[in-house]
*Asks:* 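Sending over a structure as structure tokens; questions will come in a sec.
Every chain is numbered from 1, with letters handed out A, B, ... down the list of sequences. Computed from a predicted structure; not experimentally measured.
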Number of protein chains: 2
Amino acid sequence: MKTKTETKRQAILDEAARAFRELGYEGASMSEIRARVGGSKATLYNYFASKDELFFEVMTASCEAEFQAAHASMDPTTGDIEQSLRHFGERFLSFLYSPEVQANRHLSIAESGRTKLGQLLYERGVLRSQRLVAESIREAMAQGKLRTADPMLATQHLYALLEAELIDRFLLQLLGEVSKAEIEAITARALAVFMAAYGPASDQAAAKSR
Amino acid sequence: MKTKTETKRQAILDEAARAFRELGYEGASMSEIRARVGGSKATLYNYFASKDELFFEVMTASCEAEFQAAHASMDPTTGDIEQSLRHFGERFLSFLYSPEVQANRHLSIAESGRTKLGQLLYERGVLRSQRLVAESIREAMAQGKLRTADPMLATQHLYALLEAELIDRFLLQLLGEVSKAEIEAITARALAVFMAAYGPASDQAAAKSR
DNA sequence: CGTCAAATGTACTGATTGGTACAGTTAAAG
DNA sequence: CTTTAACTGTACCAATCAGTACATTTGACG
């Protein structure tokens, strides 16, 4: 019997996710969600105590699913660190700027003040992702493939460079779908800057200029 | 008589701005705004046709004011481009991450889907700012102070690097006030990366590695 | 088949919202 | 003073919302 209720719960979460994505938090009323999932409003409230709780579950669940999808094949050190980072960057941007994830992320940002949602998404999403990549970068630094520096800082610089050409339009919801070709070009330009600063010291002095 | 109505209009805008900042768009009801500004709701609707219009005016006005404040003393070429960029970066971050501007920006992002608000704020805020800085960078490139590259791309990379350590926590509303010391340190770290990639070619080959 | 918890549909509450109506008041301009 | 316009206060409307009550139906398990 647990299986039946679990599938029902998942069905509610799925439909609610779509409703929130299309209509926003305030725009998606519980009646609207009920209409999509079918059944009665009492059932909704049987699975989730309040709209806030339902939204919270939807956001953390989607965050988790998307995180797994994005970092599934994060090969660490395949010899060429630049190649590794390029593959990761392209996969990362493809994931982050798919229409569904764009919508989810924007929703997360807009409603981040609600309860402790922001805190939790930061820890389980952003921080977790950055720590994972920072570990690869730390290893590359230890092997002399990258100049020695703070791995978390390098990771934040990498992420920022990857998003540099997209984030402003994304935040103001002016960005549609981003083509694979665009993502490859953007990643290449970002990595050129990253490698100039964090590439092996043998290449050049570079970042610690002052 | 135009002066009276103009000051009244400004008073409404000011109080509405504070209300939106503190309570968000949905949270700040027209009755709440009326209570803050005093007078009657009819007067409110005499100056602004709808809540949407009032919000739109508040956002564009604050965007304009903040833009002016941030770019007021953007000295172009004072010899050392790195020094120039550092001063700009510190001023820019101080402005962008003051509590008031943080709140306004977050509000803009959250409600950017409303009407054509996002489009307008992007053009009058982001694009205008980037074009201004890109022009300085273009001149520096022409003078050989920076490696030749696309000035708008360099500007976007610069902005991204400056915000790299703050933006995630800002977006999820986990960032309080940022101290002057932190801003200086963040700017220095961002500029080190930027100069490694975009510094004069005499320093090194750098960015166009592939 | 009988049991019993889970699911359903409908109807409802109480509160809040953006926006309007209107009659009365202020106050500046001629 | 008179005109004319804006301003005020209060009361109100229609719609919408999250959440509840309840009587009824379903459907899986023993």
*Asks:* Closer than 4.0 Å, any side-chain N/O of A:Y47 to the OP1 or OP2 of C:dA7?
*Replies:* yes
*Asks:* Closest approach to the side chain of B:S50, judged atom by atom: which nucleotide of C:dG19, D:dT8, D:dA18 is it?
*Replies:*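 Looking only at heavy atoms from C-beta outward on B:S50, the closest nucleotide is C:dG19.
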*Asks:* Distance check needed: D:dT20 P versus A:N46 CG, whole Å only.
*Replies:* 12 Å
*Asks:* Rounded to whole Å, how long is the line connecting atom CD1 of B:I33 with atom P of D:dT8?
*Replies:* 16 Å
*Asks:* Hey, does A:T43 reach any base, or is it just sugar-phosphate, or nothing, if we go heavy atoms under 4.0 Å?
*Replies:* base
*Asks:* Say whether, by atom type as modelled, one donor and one acceptor occur between the side chain of B:K180 and the main chain of B:E90 under 3.5 angstrom.
*Replies:* no
*Asks:* Which heavy atom of B:F95 sits nearest to which heavy atom of B:E66, and what is that distance?
*Replies:*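 Here B:F95 and B:E66 meet closest at CE1-O, 3.1 Å.
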*Asks:* Please tell me which of B:S40 and A:K41 maps to the more 5' nucleotide of DNA chain C, matching each residue to the nucleotide holding its nearest heavy atom.
*Replies:*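 Nearest nucleotide further toward 5': that of A:K41.
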*Asks:* Assuming nearest nucleotide by heavy-atom distance, tell me which of B:G39 and A:G27 is located more 5' along DNA chain D.
*Replies:* B:G39
*Asks:* Report the distance from atom CZ of A:R34 to atom P of C:dT8, rounded to the nearest whole Å.
*Replies:* 10 Å
*Asks:* Using atom OH of A:Y45 as one end and atom C1' of C:dG9 as the other, report the distance to the nearest whole Å.
*Replies:*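 Whole-Å distance recorded here is 16 Å.
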*Asks:* Would you mind reading off the distance between A:E32 atom CD and D:dT16 atom P, rounded to a whole angstrom?
*Replies:* 12 Å
*Asks:* So, A:S50 and A:Y45: side-chain donor and acceptor under 3.5 Å apart, yes or no?
*Replies:* no
*Asks:* Rounded off to whole Å, could you give me the CZ-to-C1' distance for the B:F55 and C:dG19 pair?
*Replies:*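 The distance from CZ of B:F55 to C1' of C:dG19 comes to 19 Å, rounded to the nearest Å.
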*Asks:* Expressed as a whole number of angstroms, how long is the span from A:F48:CZ to D:dG19:P?
*Replies:*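 Taking CZ of A:F48 and P of D:dG19, I get 13 Å after rounding.
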*Asks:* Would you please confirm or rule out a distance under 4.0 Å between OP1 or OP2 of C:dT8 and any side-chain N or O of A:K8?
*Replies:*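 Yes, because at least one side-chain N or O of A:K8 sits under 4.0 Å from OP1 or OP2 of C:dT8.
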*Asks:* Taking atom C1' of C:dT20 as reference, at what distance in whole Å does atom CE of B:M30 sit?
*Replies:* 12 Å
*Asks:* Give a yes/no verdict on a cation-pi contact between A:R114 and A:F56, requiring under 6.0 Å between NZ or CZ and the six-membered ring centre and an angle within 45° of the axis.
*Replies:* no
*Asks:* For B:R18, look at atom CZ and say whether over 12 heavy atoms of other residues, nucleotides or ligands are found less than 6.0 Å away.
*Replies:*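 No, not enclosed.
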